[in-house]
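Report on the following structure.
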Amino acid sequence: MEAIKFQNTVHRDRILIAFIFLFVDLSLCSPSQTQGELPYMTSDVKEVAGKSFDYIVVGGGTAGCPLAATLSEKFSVLLIERGGSPYGNPWVMEKRYYGFSLIQTDEFSSVAQDFKSADGVRNCRGRVLGGSSAINGGFYSRASEDFIDKVGWDKELVKDAYTWVESKIVSIPELTPWQTVVEFGLLEAGILPYNGYSLEHIEGTKIGGSIFDVWGIRHTSADLLKAANPKNIVVVLNATVKNIIFEGNGNASETTVKGIRFIKSDGTTDQTYEAYLNQPKNCTSNGDVILSAGALGSPQILLSSGIGHREHFKKFSIPHVVNLKGVGKKMKDNPSIAVLVDTNPQNRLPDAPQVSGIAKDLKFIIEGGIIPTGFNATRMPIAAKIAFPVSEGELKLSSTDPRQNPSVKFNYLADENDLDDCANMVHLLERVAKSESIAFYLGVKPQNNLMTSTDGQRKFCKANVRTYYHYHGGCTVGSVVDNDYKVYGVKGLRVVDGSTFLESPGTNPMATLLMLGRYQGVKILREREH
């Protein structure tokens, strides 16, 4: 489709309108805040050591918080999180500091934990209550209908779960001037139709929801804990799960989970502590340990507990419990290419994405932002990702210390189909980045010197591939867990997070992970009623 051509006068008028809209009161677009207080939280591991609960949720991240809150409606829950609280931390809670948490990291305590894949690409993972919803751009967009169909979820329950989340933490964003310009650039590049504000994952250019409210305050998944029954839930912070404790007669088909073993996250001691599942009498359906530790954390915990391919455990002298070859397999990260539209670093206010261009049958996702590269420097990237990469890799243990990152390789662009897609994506990305809209905003002359050589585009992709931070896999449905997210061959163990995904849903997985926590929580409550 031919790109839309804008005249400079139209650019000027629309950008002026964008500035005017900054002063419009959109307070009515904020979510109705969850009633109630946050549940009891402690960093004293001794308070829960030796105690028993109906459910133990490992990982207070994007999926873990809504899951724990839901289960607490009827059962006792221990939610154990390796990081600290997001509350009171301006780098997490305030939009004006978006991105700062990613440039100030340390080994044990920072809210973002750096890792570099074996591909050589820098990446990060959340290490704070709220998980990656505490460090990301806050863009909220649902999965496509096709994705819901493929995974076989109950559509009505999915809708209810999305609505439950959205009523509590999602706002309609007030576009910044830069986001308005990016929106025009996407349209100018032919990413049509224009869908306005929409939470649906549909072709074209749209404004998504945001977990930043109109005052610039972030509402992470941790806010959903306000919906929990405070009498039934305890949240332990700064505690890292080392492995799962089993009981049984040695027959792998009858392996049963007893509880978890954990340590303090600060690195001051290697002393271990334990917490257990309740063993109610005269009850055929007990609770579960549920891993919601993310696409790196959940397979890492399974492997550290002796669940995985038999050959993997010899190096670390870990007793082999269940031979599940799929643990750590099918690791994928969406290949991304970013183009800087500013010529030099500036000291601008960070700006999280609010609009998205979705093109080529939902295969290409393009967004723009302003990110800090230092405490007094920012850059303005327009970034795109391939939504359905074929290339996949593997996760392995690198240490028996659960605080250390596992080793992971994603094999970016290893498959020729991904490389061809990347070349096509670069062509579209350039059209956005070199649009008249963006040139006018930056006060520069529009450029028409687009790469025309497919070979050149492929080489550019190989040299510049990066992450979009949407890595997934390692505990995929059908390979490690069944359709109820129960781990094969183990009683009392589930995985509910992005490690179960074969592809990353929507523009980004946050909305669907929030929904999945609520969805699975409700399903478990219903199961226990029968």
Side-chain angles (χ1 to χ4, degrees), residues 26-34 61-67 69 86 92-95 98-99 126 130-145 147-148 158-176 179 182-183 186 195-202 204-227 334 350-358 362 365-369 383 385 387 468-470 472 497-498 501 504-519:
L26 291 178
S27 59
L28 293 176
C29 298
S30 289
S32 57
Q33 298 306 310
T34 306
T62 310
C65 285
L67 174 62
V92 171
M93 300 303 294
E94 298 182 32
K95 186 182 177 185
Y98 158 66
S132 293
S133 73
I135 62 174
N136 64 10
F139 192 95
Y140 182 98
S141 185
R142 296 178 176 185
S144 66
E145 291 186 8
F147 182 90
I148 305 298
V158 165
K159 182 179 178 182
D160 291 345
Y162 272 129
T163 302
W164 183 85
V165 170
E166 291 153 12
S167 69
K168 293 171 170 55
I169 63 171
V170 179
S171 296
I172 300 174
E174 179 181 354
L175 292 193
T176 63
Q179 289 302 309
V182 172
E183 182 181 57
L186 294 168
N195 295 308
Y197 173 73
S198 176
L199 299 180
E200 303 304 325
H201 190 52
I202 48 180
T205 295
K206 73 166 191 173
I207 302 167
S210 178
I211 59 171
F212 288 107
D213 65 24
V214 292
W215 296 278
I217 301 301
R218 183 192 294 267
H219 296 277
T220 75
S221 66
D223 279 19
L224 299 175
L225 293 173
K226 295 177 183 178
N334 301 86
D351 196 4
Q354 297 173 316
V355 299
S356 183
I358 304 166
L362 311 183
I365 313 294
I366 303 181
E367 296 172 353
K385 78 164 186 177
Y468 221 70
Y469 305 104
H470 300 162
H472 50 283
D497 60 22
F501 290 163
S504 183
T507 59
N508 73 80
M510 179 180 69
T512 303
L513 288 170
L514 290 163
M515 180 280 295
L516 181 62
R518 174 64 177 179
Y519 178 96

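Computed from a predicted structure; not experimentally measured.
A distance-only check finds no donor-acceptor pair linking the side chain of Gln354 to the backbone of Pro173 [under 3.5 Å]. Between the side chain of Lys385 and the main chain of Thr507, a donor-acceptor pair closer than 3.5 Å is present.
Scanning both residues, Trp215 and Asp213, for their nearest heavy atoms gives N-OD1, 2.9 Å. Contact detail for Ile172 and Val214: the closest heavy-atom pair is O-CG1, 4.3 Å. What you find for Glu183 and Val355 is that their closest heavy atoms are N-CG2, 4.0 Å. Taking every heavy atom of both residues into account, Ala387 and Leu362 meet most closely at CB-O, 3.3 Å. Annotation for Tyr519 and Ala161: closest pair N-CB, 4.0 Å, computed over non-hydrogen atoms. Residue Leu186 comes nearest to Gly357 through the heavy atom pair CD1-N, 3.6 Å, listed as atom of the first residue, atom of the second, then distance.
Expressed to the nearest 0.5 Å, how far CG of Asn136 lies from CZ of Arg218 amounts to 5.5 Å. Note: His472 NE2 to Phe501 CZ = 9.0 Å, rounded to the nearest 0.5 Å. Rounded to the nearest 0.5 Å, atoms OG (Ser171) and CD1 (Ile217) are 11.0 Å apart. A distance of 12.0 Å separates NZ in Lys168 from CG in Leu225, rounded to the nearest 0.5 Å. Here OG1 of Thr62 is found 9.5 Å from CG of Asn508. Values are rounded to the nearest 0.5 Å. Rounded to the nearest 0.5 angstrom, Tyr140 OH and Glu166 CD are separated by 3.5 Å.
Every residue was checked against the side chain to side chain contact (heavy atoms under 4.5 Å, CB included) condition with Glu145, not counting sequence neighbours, and none meets it. Residues satisfying the side chain to side chain donor-acceptor pair (under 3.5 Å) criterion with Glu367, sequence neighbours excluded, are Ser356.
At a cut-off of 3.5 Å, with distance as the only test, a side-chain donor of Ser141 or Lys206 sits close to an acceptor on the other residue.
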Check residues 510-517 and write down every donor-acceptor pair under 3.5 Å in which the side-chain atom is one partner and the other belongs to a residue at least two apart or another chain.
unit_1, atom_1, unit_2, atom_2, d
Thr512, OG1, Ala143, N, 3.4
Thr512, OG1, Tyr162, OH, 2.8

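Side-chain atoms of Pro66 and Trp164, non-hydrogen and from C-beta on, do get closer than 4.5 Å to each other.
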Query - side chain to side chain contact (heavy atoms under 4.5 Å, CB included) between Glu200 and Arg142, worked out - result: CA-CA 5 Å; Glu200 303 304 325; Arg142 296 178 176 185; 3.3 Å; yes
Report task. Kindly determine whether Lys95 and Ser210 satisfy side chain to side chain contact (heavy atoms under 4.5 Å, CB included), including the steps that lead there. Result -> CA-CA 11 Å; Lys95 186 182 177 185; Ser210 178; over 6 Å; no
